[in-house]
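What follows is a set of notes on a single structure, which appears directly below.
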Amino acid sequence: MRVTVIIVNYNVRYFLEQCLCSVEKAAREVETEIIVVDNASSDGSRAWLEPRFPQVRFLWNLENNGFAKANNQALSMATGDFILFLNPDTIIPEDTLKQCISFMDAHSDAGALGVRMLDGSGSFLRESKRAFPSPMTSFFKLSGLSGLFPRSSVFARYHLGHLEMRKDHEVEVLAGAFMFIRRVVLEKIGGFDEVFFMYGEDIDLSYRIRKAGYRNYYLADPAIIHFKGESTKKGSLNHVAMFYNAMGIFVRKHYGGARAGLFHIFITIAIWIRAMLTAVGNLIRRVGLPLIDAVLILIAFWLAKYSWSHLVKPDIIYSRSLLTIAFPAFTCIYLLAAYYAGLYDRYEIRGRLVRSTMIATVAVLTVYSLLPEQYRFSRAILLLGSLFSFALLSLSRYLLLRVGVLSNESLEKRQTLVAGTSGEYARVMELMGALGLQDRVLGRVAVDEGKYDSLTTMEELVPFIRSLPVREVIFCENSLRFSEIIRKADELRGRVRIRITAQGSGSIVGSDSKDSSGDTFSMDRRYQIDAPENRRGKRGVDIFVALIILSLLPLHFFFNRHPFGVIANAFLVLGGTRTWIGYTTTGVDLPRLRRGVLGSNGWPIVPETHEHSDGSYLLDQLYARDYSAFADIERVWKGYGHLGEA
C-alpha cells in the first residue's frame, strides 16, 4: 500500500462527504486506503456517510477522544508507505497524492510536506507555512501585530510571511489539516502526542520530525481548499485560549526553564490584548446595530415631538419627565418588535425594514392604547416618530451597506452562479428550490458546448465577475475536475464565496473566509424550525407561556398534580435552559433544541426512561419540518397536566 489517508471527523458530515469524493478521485492512480475516525459525532454522520462510501474504513468512537488520539487510533492500523493526515473540511486535486509521492521520492531528506491551502473565498491561508513558536513570535501573532505587518520577517515570522507563497520552501511547521509523512519517520518518532487535545499537536509533530534529522517542506503546487467547518472559530476568544494552552504545553515540553517562563509572560499579555479586542468586536457585532438603531429611534421621537409641539400644537406643553421615560420605553418596544419581525437577520436588511417598521409601530400604538388616560400624550407624535424612525433607519442602512458593514437580502438575490452542465444546473436548482433559495441564483456558467442557456463560460468567468456584483459561485464536480475548481478559486481569490458539490453527493459546502465557520446546503435541511424567524418565535412562545404560568401561580395548586414542577419548569424556560416543546428522542439528526418539558408527542420527557424509536423519531422530524408557534401553544395547552412531571 502506497498511501494511507487518515481523516478525523466531528460533526462535519457534509464537508467530509465532499472531502471523501475528492480523496477517492485522487486515489485512482495511487494505491490508497482511507480511514475515517469519527469522534462521537451527533449530526448523523454514520447514517449519511457509510452507505455512500463502502470502500472507506470507518471507526466510530463512542466519545470525543480529541484530534491527536483519533489520528493515532487510525495510524496503528495504517499499512501505507506514506501517511496523509487530512482535515475533513478540505478538497484536494486529483493528482495530489501522485505529486506528493514524486516530491518525496526526489527528496530523500524530506520527512514530511504540506501544501498551499486556500480558504472558502480562494484566499491564501497563512497557516500553510509556519515557524516554531517562540515567546516573541507567539506574542506578535496573538497581539495582532503579525496581521499589521504580514510580510515582515520579524512580526510575521510565525506564518513566515516573508517567504513567497507560490514557491516551494523548507519550513519548520506544517499544518495538521494536510500533513504528508513517511511512515518510517512516524515509526521512528511516534505519532501525535495525545496530551494535545486540539491545536498544537501539528507543531509538536513537526518539531520532532526536524529533531530526528528530517526536513519539512511546503509545496506551492498542488493547492487545496481548506474550508472552515470546525466549531471553534478562528480569532474567537475560545480559539485564543485553546491556542495559548497548546503553545504552553509545547514550550514546557521542548524548551523548559527560563524560556518557558518568558513565554508565559508574553503570552499572558497577548491573551489579554486579544481578549479585549475579541470582546469589543463581539459587542459591536451583537449589539452595535441595535444600539445605533436605538439612538436613531430616540432622535426620531424627539424630532417628532419637537415638530408637533412647535409647528402643529405650539400651545401644548408636554411633561419633560414623562417624555424622558416614555420615549426610551417606546424605543425598547420598537426594537423588540423589529427584532422579532426579522430586522436583524443576516442578509435581511432592506427587505424587512418596511415590515418591521409597521409591526413595531403597531406594537407601540397597542402599548400606548393600554396606558391610563393620564399617561397618554399624543398618538400623532408616535406615528410621526415611527415615520421619522423609518427614514433614519433607511438612511443608516444605506450608508452601512455602502461602506460594506452590512449585507442585504436584495443584494443576495440573483448573485449566485452555478458552474456546470445543464443537468448539473438543474440538480442544484432543485436543491436550492427545496431550501427556498432559488432566488439567489443568477444563472449558469457553461463548462461544455451547451452554452446557449448560460451567462458566461469558465474561461470568461473572472472578467464576468469583475463586471457584475456576483457574490457566490457553486462549482459542480464531474464536468469540472476538482483541480479545475481549485485553480479557478485561486484565480478568483477574495472576489466571491466558493461552493462545491461533488458528483453523487447530496450537499453543497463552502465557507466565506478563514474566520467563518462553514455553510452547508442539503436536501435533509428543509426544516421550518431552522428559519431565524421561527427560532425567535419559539423563544417568544416559551417566554410568553412561562410568564402566563407564573402570573397564574395560585391556580396550579388546584388544577395540576405537580404545581411545584410547573413553576420550576417555568423558571427554567425563562432562564433559557429548557423549552416547553422539544424532541422526544435524543441525539437525532435534527436542528438542535433545548431539552423539552414536553416532547413533540405532547408527553413529558423523562430521560431515565427515554428510548429511541422509529415512530418517535418520525414525530420529531415532522415537528421540526412543519414547526409553527401556534402548534407549540396547542401542545402546551393540551399537555398542561404534564408540565410539572418532567
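Here the structure is a predicted model, which is why all the values come from computation and not from measurement.
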Would you say the side chain of [Y] lies within less than 4.5 Å of the side chain of [X], judging by non-hydrogen atoms?
X	Y	answer
Ile474	Ile500	no
Leu298	Tyr334	no
Trp580	Ile549	yes
Leu643	Leu598	yes
Arg578	Arg594	no
Val496	Leu417	no
Arg440	Arg471	no
Leu550	Ile567	yes

Is a side-chain donor or acceptor of [X] paired with a backbone partner of [Y] at a separation under 3.5 angstrom?
X	Y	value
Gln415	Pro469	yes
Asp293	Leu393	no
Thr579	Gly582	no
Arg539	Arg536	no
Thr501	Ser507	yes
Ser309	Lys305	yes
Arg379	Leu365	no

When you check the gap from the basic side-chain N to the acidic O, do Glu430 and Arg427 get nearer than 4.0 Å? no

For the pair Val573 and Val545, evaluate side-chain contact (heavy atoms from CB on, under 4.5 Å) and give the outcome as yes or no after the intermediate values. CA-CA 9 Å; Val573 170; Val545 171; over 6 Å; no

Looking at every non-hydrogen atom in both residues, tell me the closest pair between [X] and [Y] and how far apart they are.
X	Y	result
Phe227	Val509	CE1-CG2, 3.9 Å
Ala419	Val473	CB-CG1, 4.4 Å
Leu335	Ala294	CD1-CB, 3.6 Å
Lys538	Ile581	NZ-O, 2.7 Å
Tyr425	Val418	CD1-CB, 3.6 Å
Arg592	Arg535	O-NH1, 2.7 Å

Supply the atom-to-atom distance [X] [atom1] to [Y] [atom2], rounded to the nearest 0.5 angstrom.
X	Y	atom1	atom2	result
Ile485	Cys476	CD1	SG	8.0 Å
Lys488	Ile498	NZ	CD1	10.5 Å
His226	Asp119	NE2	CG	10.0 Å
Phe571	Thr577	CZ	OG1	12.0 Å
Asp89	Ile225	CG	CD1	11.5 Å
Thr366	Ile359	OG1	CD1	11.5 Å

If the condition is ring-ring contact (aromatic ring centres under 6.0 Å, His included), which residues does Phe544 pass it with, not counting sequence neighbours?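 Testing Phe544 for ring-ring contact (aromatic ring centres under 6.0 Å, His included), a comparison that skips the adjacent residues, returns none.
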
Do the ring planes of Tyr623 and Tyr627 sit parallel (below 30°), tilted (30 to 60°) or perpendicular (above 60°)?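 Aromatic pair Tyr623/Tyr627 classed perpendicular.
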
Taking the six-membered ring for Trp, are Tyr640 and His556 parallel (under 30°), tilted (30 to 60°) or perpendicular (over 60°)? tilted

Evaluate the side-chain contact (heavy atoms from CB on, under 4.5 Å) criterion for residues Leu387 and Leu383: first the C-alpha distance (whole Å), next the side-chain angles of each, then the deciding distance (0.1 Å), finally the verdict. CA-CA 6 Å; Leu387 181 63; Leu383 290 172; over 6 Å; no

Between Phe301 and Phe388, is the ring centroid distance below 6.0 Å?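 Between Phe301 and Phe388, the centre distance exceeds or equals 6.0 Å.
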
Hey, is OH on Tyr306 packed in by over 12 heavy atoms from elsewhere, all under 6.0 Å?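 Count not over threshold, so no.
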
I would like to know whether Val364 and Thr361 meet side-chain contact (heavy atoms from CB on, under 4.5 Å); could you show each step before the answer? CA-CA 5 Å; Val364 168; Thr361 302; 5.8 Å; no

Could you check Phe464 against Thr457 for side-chain contact (heavy atoms from CB on, under 4.5 Å), going step by step and ending with a plain yes or no? CA-CA 9 Å; Phe464 182 84; Thr457 64; over 6 Å; no

Let me know which of Arg444, Gln438, Glu424 forms a side chain to side chain contact (heavy atoms under 4.5 Å, CB included) with Met429. Gln438

